[in-house]
Protein chains: 2
Amino acid sequence: MAKTDTKSRILDTAERLFARKGFDAVSLRTIIAAAKVNLAAVHYHFGSKQALVHAVIARRLRPINEERLAKLAEARAKAGRRPLKLERLLDCLFRPLFRVQADPKTGPTFARLVGRVMGERNEGLHKFMMGELADVIIQFGAAFEAALPGLTKEEADWRSHFMAGAMAHTLCNADLLVRFTGTDADASDYEATVRRLIDFTAAGFRAKVTPPTRPRKKK
Amino acid sequence: MAKTDTKSRILDTAERLFARKGFDAVSLRTIIAAAKVNLAAVHYHFGSKQALVHAVIARRLRPINEERLAKLAEARAKAGRRPLKLERLLDCLFRPLFRVQADPKTGPTFARLVGRVMGERNEGLHKFMMGELADVIIQFGAAFEAALPGLTKEEADWRSHFMAGAMAHTLCNADLLVRFTGTDADASDYEATVRRLIDFTAAGFRAKVTPPTRPRKKK
DNA sequence: ATTTAATTCAAACGACTGTTTGAAACAGGC
DNA sequence: GCCTGTTTCAAACAGTCGTTTGAATTAAAT
């Protein structure tokens with residue numbers, strides 16, 4: 001396996017370009033030119049562009065999801081019989097994801113990549129992502145319901161949906177806000193982001209449910 | 001102007017297809033085949049595909065933003081000197097946007113379209129959207145800060161960001177959640193969605209700010 | 001009816017896409 | 001050295017893309 005770095009170079013370059021411009025907007029020829037490898041190498045090592053996209057995502061996302069589930073299991077073990085605190089739950093979900101921003105090796109490059117995935121319209125990619133996230137969705141979904149005994153399942157689902165939106169949007173447009181507010185995108189500031197996101201979403205989860213508007217007044 | 005409906009047919013068909021598959025994923029040839037017009041008609045009436053995309057978006061989004069600002073102005077007038085209530089503010093922002101879901105003419109088709117725009121990576125499209133939304137962002141941004149005297153500007157900006165994420169994600173994947181929870185996507189149910197979104201985001205805005213874990217001074 | 005302008009049409013343009021091919025270059029085992 | 005399997009390479013394939021062209025058609029104005 002002497003020159004297997006070809007595979008890695010494709011992965012790294014593709015990740016960088018995908019994050020910057022999107023999956024469909026970056027052609028294979030753009031990637032192989034930047035990575036200085038042959039065009040056919042992509043199909044030799046990955047089989048297709050779609051498979052390359054999946055590989056790029058899975059390489060980063062899988063460890064994150066594993067860490068999420070591990071942290072959740074650990075928190076559960078520590079809590080014993082007591083119900084998990086909502087903030088603790090959100091921390092298990094957010095921290096492994098946002099921590100990659102602090103990693104100087106991956107840098108903010110990957111953060112946008114993951115955020116990008118959620119907004120992607122590609123049908124196949126969506127299926128793939130749902131498969132990758134299935135465990136996380138199931139485990140955390142159940143945990144949220146358990147941590148919010150006052151909410152109906154329907155209401156809890158909606159709020160999980162809102163939370164996911166806030167999370168994805170934050171990850172995807174992190175730089176946008178930073179430039180907008182002038183805040184310094186200090187790499188280690190991911191903790192502040194996580195803290196803010198937990199504050200916001202935890203309060204959202206716990207919000208009092210406003211009853212439907214009473215009998216209609218005139219239109 | 002007898003057969004000017006060619007222009008409208010292109011606009012309507014493009015909107016439908018864009019909403020379903022995304023802007024880049026739908027080719028002009030797909031549109032003109034469904035609309036039963038000639039390929040060159042698109043360039044004759046709009047000039048380019050990008051201009052068509054802009055026209056499709058602006059046709060729907062402009063009235064929405066005008067209504068948002070009108071509602072905000074009205075609320076301000078009614079409140080007089082008193083500060084605007086946060087829920088009222090959010091209602092001005094959400095309702096005009098989600099109300100289109102109830103319109104049987106546009107239907108949920110357009111809802112996904114607008115939601116889709118926010119997740120789009122296209123550089124030019126992003127600039128265009130920022131231009132369309134500039135007034136709304138400025139006006140509501142200031143209003144949010146005024147309604148949240150206890151928050152620093154930085155914190156208020158972050159939470160506006162989270163709110164925008166929840167809003168966009170909800171609009172974009174509305175059908176996804178409906179299918180997931182089995183809730184009926186009754187057209188008139190947009191009011192329930194708006195209510196839920198206001199509950200969640202208002203509580204998020206009002207959340208207590210957790211101080212950093214270490215006794216670290218802020219900058 | 002003739003002229004003028006607005007609109008539609010079929011056909012092609014050049015550039016780009018993901019993918020495939022078959023021959024080279026290379027590796028390590030014998 | 002030869003041989004075997006892995007990896008790289010230039011070239012082409014078969015489409016699709018947005019855009020342009022110039023003539024044909026239609027509508028309106030004179």
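The sequence lines fix the lettering, A, B, ..., with proteins before strands; numbering per chain opens at 1. Predicted, not measured: the structure shown is a model, and the values here were computed from it.
- Between His45(A) atom NE2 and dC9(D) atom P there is a gap of 10 Å when expressed in whole angstrom units.
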Contacts under 3.5 angstrom, residues 90-100 of chain B side chains, donor-acceptor by atom type, not counting sequence neighbours:
residue, atom, partner, partner atom, Å
Asp91(B), OD1, Arg95(B), NE, 3.2
Asp91(B), OD1, Arg95(B), NH2, 2.9
Asp91(B), OD2, Arg95(B), NE, 3.0
Arg99(B), NH2, Glu67(B), OE1, 3.0

Between the protein and nucleotides 14-19 of chain D, list the N/O to N/O atom pairs that are separated by less than 3.5 angstrom.
residue, atom, partner, partner atom, Å
dC17(D), OP1, Ser27(B), OG, 3.0
dG18(D), OP1, Lys49(B), NZ, 2.6
dG18(D), OP2, Leu28(B), N, 2.9
dG18(D), N7, Arg29(B), NH1, 2.6
dG18(D), O6, Arg29(B), NH2, 2.5
dT19(D), OP2, His43(B), NE2, 3.0
dT19(D), OP2, Lys49(B), N, 2.8
dT19(D), O5', His43(B), NE2, 3.3

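- The phosphate of dT7(C) (OP1 or OP2) has no side-chain N or O of Thr6(B) nearer than 4.0 angstrom.
- The salt bridge (Lys or Arg N to Asp or Glu O under 4.0 Å) contacts involving residues 11-23 of chain B comprise Asp12(B)-Arg59(B), Glu15(B)-Arg59(B), Glu15(B)-Arg60(B), where partners must be two or more places apart or lie in separate chains.
- Applying the salt bridge (Lys or Arg N to Asp or Glu O under 4.0 Å) test to residues at least two apart or on different chains, the pairs with a partner in residues 122-145 of chain B are Arg62(B)-Glu132(B), Glu145(B)-Lys153(B).
- Phe128(A) pairs by the ring pair (Phe, Tyr, Trp, His ring centres under 6.0 Å) definition with His54(A), not counting sequence neighbours.
- The side chain to side chain donor-acceptor pair (under 3.5 Å) check on Glu66(A) picks up nothing, with sequence neighbours excluded.
- For His169(B) and His169(A), the distance between ring centers is not under 6.0 angstrom.
- In this structure Phe144(B) satisfies the ring pair (Phe, Tyr, Trp, His ring centres under 6.0 Å) test together with Phe205(B), sequence neighbours excluded.
- Stem regions annotated for DNA chain C: C:2-27 with D:4-29, counting only runs of 3 or more consecutive pairs of Watson-Crick or G-U type with both contacts under 3.5 Å.
- Listed by chain and number, the residues in a side chain to side chain contact (heavy atoms under 4.5 Å, CB included) with Ala14(B) are Phe18(B), Ile31(B), Leu52(B), Val56(B) (sequence neighbours excluded).
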